[in-house]
J.: 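Starting off with a structure, shown below.
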Amino acid sequence: MVRTRFAPSPTGYLHIGGVRTALFNWLFARHHGGQFVLRIDDTDQGRNQPEALQPILDGFRWLGIDWDEGAEIGGPYGPYYQSERLDRYQSAVKTLLAKGLAYHDYATPDELKAEREAVEKEKRPYLPSRRWMAETDAERTRFESECRKSVVRLKMPREGTCRFHDRIRGDMAVAWNQETDHVIQRADGSCLYNLANVVDDFDMRITHVIRAEEHLSNTPRQIFIAQGLGYPLPEYAHVPFVAEPGSKNKLSKRKLAQYLKNPDFRSAYEHGQAIAAAVRLTTHADTFNPVIVDFYREVGYLPDAIVNYLLLLGWSLDDKTEFFTRAEMIAHFSLERVNKGAASFDVKKLRAFQERYMALESVERKTELVLPFLRNAKLIADPPSAEETARVAAIVRAAGERIKVAGDILDYAAFFQSDDEVIYDEKALNQHIRKPEAAALLRKLREQLATATFEVKALEDLALRFAAAEGVKLGAINQPLRVAVTGKAIGFGTYETLSLLGRERCLARIQRVVE
RNA sequence: GCCCCCAUCGUCUAGUGGCCUAGGACAUAGCCCUCUCACGGCUAAGACAGGGGUUCGAGUCCCCUUGGGGGUACCA
């Protein structure tokens, strides 16, 4: 039985790079009919867990990445929160100590520092001298009589080579003497990552450790621990990290200011901000930006688009397949086709996937997606009446493929606002309305519209006849009309716009604008 | 410093010694469609980091250099 895991820390937000790693774990498990475990890495005591964990779990659920065991649902190999597993780690430390594979180290930080600096001055690679190592009770008593405190360190081999196979990178070999004596337990009894990780993976019967490449260098020391504890070794697969837009640096949640210098990133960010502002969402730059999954949910992206994009960030099936249903992803995913090089995160390409997926959605589905945005922006009632919903559907239909993300419905706020709420774009006014001939034309047109049938075909006929009679191009009347009734120079077809708005509002708005 | 990993168009990638005058997608530019926008259609520009080998033949194998990343923490 294949079992994989992802172990997020409760940081309050779900990072795009983390999701990609989790997705690969999930796909691998599902492909093999195995299980996916969501373990919580909450060893950092400083943080308050429940609030910080919720957004992460919500994010995974929203994306449709479900877990068979772990946070909130439990399972047979729990607890799944590292903070509840201290006794397991401590007993592992005891075993390692008893086998002589670890030792108590009584060195003070200053002593260690001095030792290291001395060696570095001579330009020799540093390995601890083990001068303050205590392996017997007598030695411990002696050091403790000096009021020293001890940590537990791994007693790493100093000769030979650690060899292991990585499903993505191939055969690996690292000389043991490159490994320092890593601390596995602090003086206060708490345990460190390398130890905890190995113990958890064993306890949870993880068969395949699929994680980011920054852990590649940690692998030998973890193998040492696992072997010392008599655990079978899992298979390893180190996936490349997700890099920054336009660079090969690792994507970081802390470098938002820098990413905003990237025009694509910036425009995605601003687009999101505009939608958030319209729906009165209070945002924090820390959690509301295109590096965080929540951002996409708030703005109205489709989870399938994000997952499909992420799948292709470091993995490909062949030279042409781009779109995958979940079932297809699961059927085709393999570690062997994961790339070795880091892939940079491209918001524009993500957006392109979103556009393609959105175009596939039915009007009914898009209407559902869009309703919450209108409600939060107070443009429709909560809950919306059947009449309102039907009207939204009509507008969504008229919008065609113009609604790329659900939040884009807010571009069409003019359809929901009262006549005096409509905001007119200055540039559009200057270009299409504030010209003597345009205003005159609009007045004449308004007279005809007063008695017209407000249906697309009839309006089109009217416009055609009017244009011919006046000897102007169609654009010369359609453009000012659109601006007059929506406030914007861009939008969908003028006849659709007029018919959707209805005679009363159109006449009122034209009236307002020509005055 | 030492150790490890990585390297094809701006970006994601295909490529596993001859099928490569290097293919696709996103982005970009031009044209077409057109009442605006969006969609769509067509076209263009655009890459094997550099240098040595191996081989009849190298993007593909080996070495070096360069560049990027990671580890070397009482972070994960």
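Throughout, a chain's letter reflects where its sequence line sits, starting with A, and its residues are numbered from 1.
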J.: By nearest heavy atom, map A/Leu313 and A/Val151 onto RNA chain B; which one lands nearer the 5' end?
T.: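 The residue mapped nearer the 5' terminus is A/Leu313.
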
J.: Roughly how far apart are A/Arg397 CZ and A/Glu496 CD, rounded to 0.5 Å?
T.: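 That separation rounds to 12.0 Å.
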
J.: To the nearest angstrom, how far is A/Glu214 atom CD from B/rU72 atom P?
T.: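 Atom CD in A/Glu214 sits about 11 Å away from atom P in B/rU72.
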
J.: I'd like to check A/Leu317 versus A/Phe324 (side-chain heavy atoms, cut-off strictly below 4.5 Å). Are they in contact?
T.: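 The answer is yes, as the side chains (C-beta and beyond) meet within the 4.5 Å cut-off.
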
J.: Rounded to the Å, how far apart are A/Phe353 CZ and B/rU11 C1'?
T.: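 Checked: the CZ to C1' distance equals 12 Å.
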
J.: Report yes if at least one side-chain N or O of A/Asn249 is closer than 4.0 Å to OP1 or OP2 of B/rG69; otherwise report no.
T.: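 Answer is yes, contact under 4.0 Å.
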
J.: A/Tyr193 has an atom OH; how far is it from atom P of B/rG71, in whole Å?
T.: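 For the pair A/Tyr193 OH and B/rG71 P, the rounded distance is 11 Å.
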
J.: Does any residue of residues 318-325 of chain A have a heavy atom under 4.0 Å from RNA chain B, and if so, which ones, in number order?
T.: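 By residue number: A/Asp318, A/Asp319, A/Glu322.
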
J.: What's the gap between B/rU16 and B/rC48 when it is taken at their C1' atoms, as a whole Å value?
T.: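 To the nearest whole Å, 15 Å.
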
J.: Would you please name every residue forming a ring pair (Phe, Tyr, Trp, His ring centres under 6.0 Å) with A/Phe492, sequence neighbours left out?
T.: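 A/Phe492: ring pair (Phe, Tyr, Trp, His ring centres under 6.0 Å) contacts with A/Tyr412, A/Phe415.
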
J.: Is any side-chain heavy atom of A/His332 less than 4.5 Å from a side-chain heavy atom of A/Trp315?
T.: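 Result yes, sub-4.5 Å side-chain heavy-atom pair found.
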
J.: Does the structure show a Watson-Crick or G-U wobble partner for B/rG46, both distances under 3.5 Å? Name it, or say none.
T.: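 Checking every strand shown, B/rG46 finds no partner, since no pair has both distances under 3.5 Å.
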
J.: Reading nucleotides 1-10 of chain B 5' to 3', which nucleotides get B (base under 4.0 Å from a protein heavy atom), which S (sugar-phosphate only), which -?
T.: -SSSSS----

J.: Quickly, which of A/Lys149, A/Arg148, A/Arg140, A/Glu111 forms a side chain to side chain donor-acceptor pair (under 3.5 Å) with A/Tyr106? Name it, please.
T.: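 One option only clears the test, and that one is A/Arg140.
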
J.: If I pick the C1' atom on B/rG68 and the same atom on B/rG50, what distance separates them, to the nearest angstrom?
T.: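 Looking at atom C1' only, B/rG50 and B/rG68 are 15 Å apart.
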
J.: Give the rounded distance in Å between these two atoms: NZ of A/Lys349 and C1' of B/rA27.
T.: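 Distance, rounded to whole Å: 9 Å.
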
J.: If you assign A/Trp315 and A/Ala352 each to the RNA chain B nucleotide with the nearest heavy atom, which residue ends up on the more 5' nucleotide?
T.: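 With A/Trp315 and A/Ala352 compared, the 5'-side residue is A/Trp315.
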
J.: Who does B/rA58 pair with, Watson-Crick or G-U, both distances under 3.5 Å?
T.: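 B/rA58 is paired with nothing.
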
J.: I would like to know whether A/Glu179 and A/Arg221 meet salt bridge (Lys or Arg N to Asp or Glu O under 4.0 Å); could you show each step before the answer?
T.: CA-CA 7 Å; A/Glu179 289 284 324; A/Arg221 71 199 66 151; 3.1 Å; yes

J.: With a non-hydrogen cut-off below 4.0 angstrom, is A/Arg153 in contact with a base, only sugar-phosphate, or nothing?
T.: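 If one applies the 4.0 Å heavy-atom cut-off, A/Arg153 turns out to touch the sugar-phosphate alone, with no base involved.
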
J.: List the residues meeting side chain to side chain donor-acceptor pair (under 3.5 Å) with A/Gln354, not counting sequence neighbours, and say none if there are none.
T.: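 Checked A/Gln354 against side chain to side chain donor-acceptor pair (under 3.5 Å); zero matches.
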
J.: Just by protein heavy atoms under 4.0 Å, how would nucleotides 29-38 of chain B read 5' to 3' in B, S and -?
T.: ------BBBS

J.: Heavy atoms from C-beta onward define the side chain here; which of B/rU11, B/rA27, B/rC74 lies closest to that of A/Pro109?
T.: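 Per side-chain heavy atoms of A/Pro109, the pick is B/rC74.
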
J.: With respect to the side chain of A/Ser316, which nucleotide from B/rG70, B/rA14, B/rC74 is positioned closest?
T.: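 Nearest listed nucleotide: B/rA14.
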
J.: List the steps, then state whether ring-ring contact (aromatic ring centres under 6.0 Å, His included) holds for A/His215 with A/Tyr193.
T.: CA-CA 11 Å; A/His215 296 286; A/Tyr193 169 75; 5.5 Å; yes

J.: Taking OP1 and OP2 of B/rA14, is either one under 4.0 Å from a side-chain nitrogen or oxygen of A/Asn339?
T.: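 A/Asn339 to B/rA14 OP1/OP2: side-chain N or O found under 4.0 Å.
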
J.: For B/rC4 versus B/rG10, give the span between their P atoms, rounded off to a whole number of Å.
T.: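 The same atom, P, in both gives a distance of 31 Å.
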
J.: Report yes if some heavy atom in the side chain of A/Gln82 is under 4.5 Å from a heavy atom in the side chain of A/Asp200; otherwise report no.
T.: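 When only atoms from C-beta onward are counted, A/Asp200 and A/Gln82 do touch, with a gap below 4.5 Å.
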
J.: Does the side chain of A/Arg221 get closer than 4.0 angstrom to OP1 or OP2 of B/rU72 through an N or O atom?
T.: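 So the side chain of A/Arg221 is within the cut-off, an N or O lying under 4.0 Å from OP1 or OP2 of B/rU72.
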
J.: Would you say A/Asn177's side chain and A/Glu159's backbone share a donor-acceptor pair under 3.5 angstrom?
T.: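 No, the answer is negative, given that no donor and acceptor are paired below the 3.5 Å cut-off.
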
J.: I'd like to compare against my own output: the B/S/- annotation of nucleotides 43-50 of chain B with a strict under-4.0 Å heavy-atom distance to protein.
T.: --------

J.: So how far is it from A/Phe241 CZ to A/Leu251 CG, rounded to the nearest 0.5 Å?
T.: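 Answer rounded to 0.5 Å: 10.0 Å.
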
J.: Answer with base, sugar-phosphate or nothing: what part of the nucleic acid does A/Arg337 contact at a heavy-atom distance below 4.0 Å?
T.: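 Contact class for A/Arg337: sugar-phosphate only.
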
J.: Counting only Watson-Crick pairs (N1-N3 plus N6-O4 or O6-N4) and G-U wobbles (N1-O2, O6-N3), all under 3.5 Å, who is the partner of B/rC2?
T.: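 Partner of B/rC2: B/rG71.
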
